[in-house]
Amino acid sequence: MARIFLQLFTRFCEFPNVKLLILSCPEDEILKSFKSTPDKTFVEILLWTDDPTCLRNVKAFLTQHLQMIAERHGLSSSGWPDVDDLEKLTIQASGLFIWAVTGSNYINAWLHIQGKEILKTIHKQFDNKAMEEINTLYCTIFDFSYPKKIQNPWIFETFHRLTGTIMVLRVPMNIRDLSTLMDLQEMPHSDRVDIRKFVENLRTLLVSDLDDVTEETIPRAHKSFFDFITGDHIPKRFCVDIETSNAKLALLCLQHFTLAYPDVHTTH
């Protein structure tokens with residue numbers, strides 16, 4: 001399929017009115033807009049994730065990514081991951097690269113904290129057929145990062161403020177700039193929230209690579225995670241309200257503008 005599209009691209013110059021829009025997942029509003037056109041100028045081509053080529057590519061990614069994780073945690077000589085491990089994860093991923101990236105990074109996070117003895121627990125989790133759903137994987141990651149015994153309201157206020165801001169930023173910021181923008185404190189004289197540590201705790205969801213989280217790291221979220229965290233199927237303590245997050249971000253920007261230009265007066 002990829003080869004076919006590459007061949008088509010080379011011929012697009014012959015048809016200046018042809019436009020190609022590629023979506024990682026179907027957007028209802030975009031599809032509705034195109035399908036409402038009166039003529040037949042719109043053609044929808046579905047690139048199924050169960051295509052053999054797609055499955056092979058996901059398996060190749062998992063093989064390389066998990067081998068890197070094994071080397072990082074001194075597991076190369078143990079034979080992990082073996083052929084069965086890779087086959088199971090490939091089946092679970094169902095052709096979705098976002099599942100492969102998130103799932104393998106989740107394994108890396110567990111190994112970073114508890115070492116190779118946690119592998120049996122990880123295997124049991126991924127043996128659950130429900131883990132094929134990306135939302136189930138996201139819920140599992142939340143349970144890992146925020147155990148139910150955590151009840152401190154400020155921890156969840158921090159989660160909503162930071163995650164909400166990352167979700168609604170039009171231009172992603174690195175951690176240093178995000179820390180300056182947010183200047184997040186529980187009380188006026190409290191220490192500022194360590195945003196680098198926050199991102200590191202949720203790196204499985206906000207950082208796609210295996211590099212160390214630094215002040216230069218730019219936290220980002222996949223569209224599927226955005227839909228998950230703003231939807232109805234997530235526990236209320238994690239659900240992010242986009243309108244509230246946009247309003248709080250707007251207030252933050254106004255505060256910084258006022259501090260930078262104290263002599264500028266606004267009229268209502």
Side-chain angles (χ1 to χ4, degrees), residues 24-25 47-150 159 163 199-213 219-229 231 233-235 237-238:
S24 61
C25 55
L47 303 179
W48 299 109
T49 55
D50 58 357
D51 181 271
T53 302
C54 187
L55 294 174
R56 284 196 299 271
N57 290 339
V58 168
K59 186 174 183 177
F61 168 82
L62 282 169
T63 301
Q64 182 184 36
H65 209 55
L66 291 178
Q67 285 174 350
M68 291 172 59
I69 291 172
E71 290 175 7
R72 169 171 288 207
H73 298 286
L75 295 171
S76 299
S77 60
S78 69
W80 183 89
D82 60 24
V83 175
D84 288 340
D85 294 327
L86 291 169
E87 195 63 35
K88 286 179 181 178
L89 289 172
T90 301
I91 293 171
Q92 294 275 36
S94 302
L96 291 174
F97 270 97
I98 182 57
W99 194 103
V101 172
T102 306
S104 55
N105 285 350
Y106 171 64
I107 293 172
N108 179 63
W110 262 117
L111 289 171
H112 177 72
I113 293 175
Q114 297 199 25
K116 63 181 180 180
E117 67 269 16
I118 200 63
L119 281 175
K120 288 185 178 180
T121 300
I122 294 173
H123 285 158
K124 287 180 180 178
Q125 287 183 332
F126 282 100
D127 281 342
N128 182 0
K129 187 171 176 56
M131 285 288 275
E132 293 179 7
E133 294 290 334
I134 188 68
N135 286 347
T136 303
L137 179 57
Y138 287 148
C139 283
T140 303
I141 293 168
F142 274 133
D143 290 340
F144 167 72
S145 301
Y146 293 92
K148 291 182 179 179
K149 64 181 180 181
I150 295 178
F159 173 86
T163 308
V199 173
E200 192 173 76
N201 187 42
L202 282 178
R203 67 167 300 145
T204 306
L205 302 170
L206 300 177
V207 182
S208 60
D209 56 45
L210 296 176
D211 295 337
D212 293 335
V213 176
R220 293 184 175 93
H222 189 266
K223 178 64 166 60
S224 63
F225 180 62
F226 178 93
D227 292 341
F228 170 76
I229 204 169
H233 38 255
I234 185 174
R237 63 179 182 159
F238 295 120

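Hydrogens, waters and symmetry mates are skipped; everything else that's a heavy atom, side chains included, is used.
- Here the closest non-hydrogen pair linking Ala70 and Pro81 is CB-CD, 4.3 Å.
- Looking at Leu119 and Leu111, their side chains come closer than 4.5 Å, going by heavy atoms from C-beta outward.
- Here the rule is ring pair (Phe, Tyr, Trp, His ring centres under 6.0 Å) with Phe238, and of Phe225, Phe228, Tyr146 only Tyr146 fits it.
- Sorted by first then second residue, the salt bridge (charged side-chain N to carboxylate O under 4.0 Å, His left out) pairs that include residues 87-105, not counting sequence neighbours, are Lys59-Glu87, Lys88-Asp127.
- More than 12 heavy atoms of other residues, nucleotides or ligands lie within 6.0 Å of NE2 in His123, so this atom counts as buried by the packing criterion.
- Considering every non-hydrogen atom in both Ile69 and Leu210, the closest pair reads CG1-CD1, 3.8 Å.
- Between Thr204 and the options Thr140, Leu137, Asn105, Val101, a side chain to side chain contact (heavy atoms under 4.5 Å, CB included) holds for only Asn105.
- Here Leu205 contributes atom CG and Leu202 contributes atom CG; the two are 5.5 Å apart, rounded to the nearest 0.5 Å.
- To the nearest 0.5 angstrom, Asp82 atom CG is 11.0 Å from Leu66 atom CG.
- Note: Phe159 and Phe142 meet the aromatic proximity criterion, with ring centroids under 6.0 Å apart.
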- Message: Under the criterion side-chain hydrogen bond (donor to acceptor under 3.5 Å, both in side chains), I'd like the reasoning laid out for Ser224 against Tyr138: C-alpha separation, chi angles, the key distance, then a yes or no.
- Response: CA-CA 10 Å; Ser224 63; Tyr138 287 148; 2.7 Å; yes
- Item | Trace of the side chain to side chain contact (heavy atoms under 4.5 Å, CB included) decision for Lys116 with Trp80 | CA-CA 10 Å; Lys116 63 181 180 180; Trp80 183 89; over 6 Å; no
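- In terms of heavy atoms, Glu132 sits closest to Ser94 at OE1-OG, 4.5 Å.
- Under the 30°/60° scheme for interplanar angles, the aromatic rings of Trp99 and Phe126 are found to stand perpendicular.
- Here the NE2-OG1 distance, from His222 to Thr102, works out to 8.0 Å after rounding to the nearest 0.5 Å.
- Identified under the side-chain hydrogen bond (donor to acceptor under 3.5 Å, both in side chains) test for residues 66-78, with sequence neighbours left out: His73-Asn108.
- With a 6.0 Å radius and a threshold of 12 heavy atoms from other residues, nucleotides or ligands, Glu133 has its CD atom at or below the threshold.
- A distance-only check finds a donor-acceptor pair linking the side chain of Arg203 to the backbone of Asp209 [under 3.5 Å].
- To the nearest 0.5 Å, atom CG of residue Asn57 and atom CZ of residue Phe97 are 5.0 Å apart.
- To the nearest 0.5 Å, atoms CD1 (Ile122) and CH2 (Trp110) are separated by 7.5 Å.
- Using a 4.5 Å heavy-atom cutoff, the side chains of Val58 and Leu96 are not in contact.
- Judged purely by atom type and a 3.5 angstrom limit, Thr136 uses its side chain to pair as donor or acceptor with the backbone of Ala130.
- Residues Asn201 and Ser145 approach most closely at O-OG, 3.4 Å, considering heavy atoms.
- Of all non-hydrogen atoms in Leu55 and Gly95, the two that sit nearest each other are CD2-N, 3.6 Å.
- Rounded to the nearest 0.5 Å, atoms CG (Asp227) and CG (Asn135) are 8.5 Å apart.
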